[in-house]
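The block underneath contains the structure these notes are about, expressed in structure tokens.
Lettering of chains follows the sequences in order, A, B, ..., and the numbering in each one begins at 1.
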Number of protein chains: 2
Amino acid sequence: MKIDAVDRAILITLQDDAKLTNAELSERVHLSPSACLRRTKLLEESGLIRRTVAILDPRVAGIPGTAYVSVTLDSQGRKALDTFEAAVRAVPEITECYLLAGQHDYLLRVVYRDAADLERIHTDILTPLPGVVRIQSQLTLRTVKRSTKLPI
Amino acid sequence: MKIDAVDRAILITLQDDAKLTNAELSERVHLSPSACLRRTKLLEESGLIRRTVAILDPRVAGIPGTAYVSVTLDSQGRKALDTFEAAVRAVPEITECYLLAGQHDYLLRVVYRDAADLERIHTDILTPLPGVVRIQSQLTLRTVKRSTKLPI
DNA sequence: TTTGAAAACCAACCGAA
DNA sequence: TTCGGTTGGTTTTCAAA
């Protein structure tokens, strides 16, 4: 799909605030409401806009902690990876999981309420994940920046 | 603010799809439309729902790459940190930045279009960040899971 | 919880580039 | 032919009863 400057303006705006009415959005990108709505619909249908979601405040929600956890498996076979990944997907406390290049490790992002919660996650959830041989956690002192915006 | 099971159901649902109409949402959480709307408004006003945003598909957008970059500064003074963090916030390709516990490093999440783009970011953006003495990048082969949902 | 007015959506149609 | 604008019926919101 061809994206022009107006489409980019729509995407930038909606990545900041998807609750804008089409009327307001159309003003910001200097378009008529109907043209704006048509473009937005196309961006959704094309799959470029995948979904629109509510973002919660982790502190207000009582889940202020973030840790990055490196995990090494005892085997890199396809089956071992699939088993591990299926288990990861089922754990809500693991909000992100990446397969790393180079050393066949995984990097997990884990969110937690407090130190006790992190310990629970470590011992009851992470350690029992299938195939795990090494776990190394990096706690974060502070979130400097966290954006869902893609630099379109 | 007091959160009960129905509030949690609303939050879980809106974290998946914030485009639901109030009527649809109210059915899913087994509430009347007006009661549901009142609760949702309260959740927004309380700050628990911080914003609602459009999530783009990185592949369709042509920005499929993710790297995690560890950065060490030559100084940990308040002023050095502030300067570094202000610079980080101004870079759209750096989508996340955490101050790590333990070794006073930062962990950055960087998104990129292709290998050439990553090299550009590395040499033109990351290396010139104020105070940087060490940069270590971890590329990701694959995104196994990436969720914006908090485990409420 | 119900209701009704105001607002927003969005499909169909028209016109210009 | 494609893209933006206009119109009007339909849906949704949301505050008052």
Margin query: Between the side chains of B:E24 and B:R28, is the shortest nitrogen-to-carboxylate-oxygen separation below 4.0 Å, so that they form an ion pair?
Written below: no
Item checked: Check: B:R146/A:Y98 side-chain N/O donor and acceptor closer than 3.5 Å -> yes
Notebook entry, point to check: Can you tell me if the side-chain N/O atoms of A:K2 get under 4.0 Å from OP1 or OP2 in D:dC3?
Noted result: yes
Check: For B:K41 and D:dT12, what is the distance between atoms NZ and P respectively, to the nearest whole Å?
Finding: 15 Å
Next item on the list: For the side chain of B:T21, starting at C-beta, report the closest nucleotide among D:dG4, C:dC10, D:dT12.
Entry: D:dT12
Next item on the list: Give one of base, sugar-phosphate or nothing for A:S32, where a contact means two heavy atoms less than 4.0 Å apart.
Entry: base
Next item on the list: Applying side-chain contact (heavy atoms from CB on, under 4.5 Å), run through B:I94 and B:L126 and close with a yes or a no.
Entry: CA-CA 9 Å; B:I94 302 175; B:L126 298 183; 3.9 Å; yes
Note to self: What verdict does the side-chain contact (heavy atoms from CB on, under 4.5 Å) test give for A:L107 and A:V69, after you've listed the backbone C-alpha separation in whole Å, the side-chain angles of each residue and the deciding distance to 0.1 Å?
What the structure shows: CA-CA 6 Å; A:L107 182 66; A:V69 181; over 6 Å; no
Next item on the list: Indicate whether OP1 or OP2 belonging to D:dC3 is found under 4.0 Å from a side-chain N or O atom of A:R39.
Entry: no
Check: To the nearest angstrom, how far is A:E44 atom CD from C:dC9 atom C1'?
Finding: 12 Å
Check: Can you tell me how far C1' of D:dT13 sits from NZ of B:K19, to the nearest Å?
Finding: 16 Å
Check: Between B:N22 (CG) and C:dC9 (C1'), how many Å, whole number?
Finding: 16 Å
Notebook entry, point to check: Expressed in angstrom and rounded to an integer, what is the separation of A:L31 atom CG from D:dT6 atom C1'?
Noted result: 14 Å
Item checked: Length of the line joining B:L42:CG and D:dA15:P, which is rounded to integer Å -> 12 Å
Next item on the list: Considering just the side-chain nitrogens and oxygens of A:S34, establish if one lies under 4.0 Å of OP1 or OP2 belonging to D:dG5.
Entry: no
Notebook entry, point to check: To the nearest angstrom, how far is A:L37 atom CG from C:dA11 atom P?
Noted result: 7 Å
Note to self: Please compare A:R38 and A:A23 by the position of their nearest nucleotide in DNA chain C and report the one closer to 5'.
What the structure shows: A:A23
